[in-house]
Structures are given as C-alpha cells and as structure tokens.
Amino acid sequence: MEERTEIQDLGEFGLIDYLTRNIEIQNASTVLGVGDDAAVIDHFGKQTVISTDMLVEGIHFDLMYTPLKHLGYKSVVVNISDIYAMNATPTQITMSVAFSNKVSLEALNEFYEGVYAACEKYGVDLIGGDTSNSQKGFIISVTAIGEVTPDQFVKRSTAQKGDLLCVTGDLGAAYLGLTLLEREKKIFLENPEVKPDLEDQTYIIGRQLKPEARKDIIEFLQEQEIVPTSMMDVSDGLSSEILHIAKQSNLGVVVYEEKIPIAQESKEMALKFSLDPTACALSGGEDYELLFTMKQQDYDKIVLNEQISVIGYMADISEGAHIHTKGGNKFKLVAQGWNAFQQ
C-alpha cells in the first residue's frame, strides 16, 4: 500500500515550506523569490513580458491517463511557450493550485517534481503562488514572466504583405495522442479487465502528455539576427492561429497543404483512426509549436534549419485566407481549432 499523507496535517504554510524547500534561484533578475509577501524581480533595463494560463481538470486534462509529474511539467511548458511566442526569454513563474481532499501530499509532490523539472530545463525560477481547497477537481493557474530587449517583442498584428509564413516542428501529433488516450479510456471504462493498448505510440502520446516549448527556435532566430514580423504559439490549432495573424495584421494568407509538416507517426495513426492527417494538423491544437512570419530576404538564413517549414505567405486582404490542397484545389481556410467554450 502506498504511503498517503493528508495535506491538512501540514497546514497551508507547512505545505508551502514543503513544496518549496529545495528551490535554487537561477536568474539574476530574481531579487526575492518564495517566502515573503511578494516576490521582487528586476530585469535590468529589459522589458517585462507576462502571460497567465489556467488548466482545469476535466476540461484541459484527465487524471485517468495523465501522470501528475507530466501534468506539472506541461503546466509550466504551456505558459512559457507564450513567452517564447513574444520573442522573449522566460525567467520566472508563479504557480497556484486548488485541489480537493482526494489529493494526497505524495500526489502533490509528484506534480511539483514535474514543475521543477520544467523550471530546470528552461532556466525559470518559481517565485510564488497560492494553494487552495477545491470542492472537486484539480485547478492549476500559472503566470509566466519573461524579459526582452526593449521593443524586440513580437506581436501577432505586425505581419506584412509578402512575408513568408513559417511553422516549427510538426503538427497534429498532440491531437492524435489525445485521441488514442481517449479511445483507451473508453475501452477501459466499458471493460476494466482489458489492458490499455497504446500501440507503442510514444511520440504522439509524449506530444500530448509532455510537450516542449521552442526555446531552441528563439535562440536560433537570435543567432541568425532574424526578428519575425509576427508570431504566436500553436495551442488551439494551426488554422485558427494563422487566421489570428491574418486578421490582426489586416492581411490575406495563402497556405500550401503539401508544405505543412506532419510526422510519419502522426500520418500512420491518423489513417488508423480514419482521420485526414492535414485536418489533424490544421485543427488539432496543443502542439506548442511557433507560427511566425518573416521577411522574404531572411529565407536563406532558415533554409538549413530542419525544424522550420515555410508553409505559405501573407497576401493582400482582398485575397482572403486560402489553402491550396495537394490535389490542386483551393479552399477557404476555416478555424476549426479547439474552442474553450464549445464543449
């Protein structure tokens, strides 16, 4: 039998002391971290970038198949991805959690192991937060703070006509990982005797349960002295993110289906599920890749980076938003990505 410690035995301050006992500060900008009424940060002449995200059990994650350590890791990554999407460097986070009494100290400790693993990997300091009771379910709220050289931040609304539209990595994998996990959950609920069969799909399941943020791309762009003309991360689906950039920049956009990067594992699993791999890439979401536009003259600088694909270009607003299919057809690009308010 696993050991179980009730959190109420520690009390709130005891819990905070326990969860933050081994924090080591990594950034000079963190002047004062956990342990006082508020944290103090000083970015020494840099501009500060701030983003907040909330993850709610039953909406954003399912504890039936999400290991708590992975959940802690993911809750950090999805937030700092927004900081990278501004062309900035994440430096600090605050982490607030609310949980019911079904959560033990050991479970919470496992969650925080994931939080600290992500903080260490991305060089981010945990500088505060809050803990609270929840009637039911686990709720996570993270605020990420980053720094950027003055006026080097990149918005969604500043793409220019003729700019190349680029995306990092590959798309659709996280959605397919989720589809597989949901299939196995359904089978398990109907017949608990059946052992889950995840078909050795470590790649797509990993993309769903333990995504990574594209720190490497931001560092590459800085090394190459490329400042994207607009940028955002792909959390709700490629098509809806492309349309955000087009709409906010007051432009049209042309996308080529054959240029959209999809991993071989994703293609094979999509076909098993009788899904169109392109539809998974366009509408899936949760890939946490970067979508950005850049000037055509920078093309030669990115050619050798296999992690960046040029998938189209920004056009005049009169052209609208279209995708050219492999079969030679032209369709209007529509946002069918994940919508938090359509459950």
Side-chain angles (χ1 to χ4, degrees), residues 51-56 59-61 74 77-79 81-87 154-159 163-179 182 204 207-208 211 213-214 217 228-263 266 270 275-294 308-315 317 319-325 329-343:
S51 176
T52 297
D53 256 330
M54 189 178 274
L55 298 168
V56 179
I59 303 290
H60 302 99
F61 60 90
K74 182 174 180 175
V77 165
V78 301
N79 274 272
S81 179
D82 284 330
I83 302 296
Y84 288 125
M86 299 297 292
N87 198 37
V154 177
K155 301 190 288 185
R156 301 174 179 183
S157 58
T158 42
D163 284 350
L164 300 175
L165 181 67
C166 309
V167 73
T168 63
D170 61 83
L171 299 160
Y175 171 75
L176 286 157
L178 179 64
T179 305
E182 285 286 347
I204 63 170
R207 288 294 301 265
Q208 168 58 222
R214 295 314 305 242
I217 298 294
T229 52
S230 69
M231 184 157 55
M232 65 186 297
D233 73 338
V234 181
S235 53
D236 296 336
L238 179 64
S239 57
S240 63
E241 318 297 20
I242 291 172
L243 290 170
H244 277 306
I245 285 179
K247 184 182 177 186
Q248 293 190 22
S249 299
N250 211 26
L251 291 170
V253 62
V254 177
V255 179
Y256 296 95
E257 181 188 12
E258 67 197 35
K259 303 286 187 188
I260 296 171
I262 302 171
S266 302
L275 295 169
D276 175 21
T278 302
C280 296
L282 287 173
S283 302
E286 288 209 290
D287 288 307
Y288 300 104
E289 298 292 353
L290 292 172
L291 176 72
F292 64 94
T293 56
M294 65 173 199
I308 299 175
S309 302
V310 178
I311 60 169
Y313 63 91
M314 305 311 292
I317 192 166
E319 287 196 41
H322 289 96
I323 181 163
H324 290 258
T325 68
N329 295 313
K330 179 178 164 185
F331 290 109
K332 189 177 179 190
L333 192 65
V334 289
Q336 290 175 315
W338 194 81
N339 182 332
F341 297 99
Q342 289 180 350
Q343 291 303 310

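Note: hydrogens, waters and symmetry copies are ignored here, and every other heavy atom, side chains too, is used.
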Answer yes or no: is there a side-chain heavy-atom contact under 4.5 Å between Ile311 and Pro261? yes

Do Lys259 and Ser309 make a side-chain contact, defined as non-hydrogen atoms from C-beta onward lying under 4.5 Å apart? no

Using side chain to side chain contact (heavy atoms under 4.5 Å, CB included), reason through Ser235 and Glu241 one step at a time and then give a plain yes or no. CA-CA 8 Å; Ser235 53; Glu241 318 297 20; 3.7 Å; yes

Side chains of Gln208 and Glu182, heavy atoms from C-beta outward: is any pair under 4.5 Å? no

Would you check if the side chain of Glu257 reaches a backbone N or O of Ile323 as a donor-acceptor pair within less than 3.5 Å? no

Test Asp233 against every option in Ile83, Thr168, Leu290 by the side-chain contact (heavy atoms from CB on, under 4.5 Å) rule and name the one that passes. Leu290

Starting from the C-alpha separation in whole Å, work towards a yes-or-no answer on side chain to side chain contact (heavy atoms under 4.5 Å, CB included) for Glu289 and Leu238. CA-CA 9 Å; Glu289 298 292 353; Leu238 179 64; over 6 Å; no

Return the CG to OG1 distance between Leu251 and Thr158, rounded to the nearest 0.5 Å. 10.0 Å

Please round to the nearest 0.5 Å and tell me the distance separating atom CD of Gln248 and atom CE of Met232. 7.5 Å

Separation between OG of Ser81 and CD of Glu286, rounded to the nearest 0.5 Å: 11.0 Å

For the residue pair Ala246 and Val253, what are the closest heavy atoms and their distance? CB-CG1, 4.2 Å

Any side-chain heavy atom of Tyr175 within less than 4.5 Å of one from Leu275? yes

Output for pair (Leu171 CG, Arg207 CZ), nearest 0.5 Å, gives 7.5 Å

Show the nearest heavy-atom pair for residues Cys280 and Leu176, with the distance to one decimal. SG-CD2, 3.9 Å

Side chain Ser239, main chain Ser283, donor-acceptor under 3.5 Å: no

With a 4.5 Å cut-off on side-chain heavy atoms, are Asp287 and Val167 touching? no

Of all heavy-atom pairs linking Gly172 and Ser266, the shortest is C-OG, 4.5 Å

Hey, are the side chains of Val255 and Leu282 touching, using non-hydrogen atoms and a 4.5 Å cut-off? no

Looking at every non-hydrogen atom in both residues, tell me the closest pair between Val254 and Ala315 and how far apart they are. CG2-CB, 4.4 Å

Side chains of Thr179 and Ile204 in contact at under 4.5 Å (non-hydrogen atoms): no

Interatomic spacing from CZ in Phe292 to CD1 in Ile217 - rounded to 0.5 Å: 6.5 Å

Where Val154 and Met231 come nearest, the two heavy atoms and their spacing: CG1-N, 3.5 Å

Minimal non-hydrogen separation, Ile308 against Cys166, with atom names: CG2-CB, 4.0 Å

Within a strict 4.5 Å, meaning less than it, do heavy atoms of the Leu165 and Ile242 side chains meet? yes

Would you say Thr293's side chain and Tyr313's backbone share a donor-acceptor pair under 3.5 angstrom? no

dist Asn329:CG -> His322:NE2 (nearest 0.5 Å) comes out at 12.0 Å

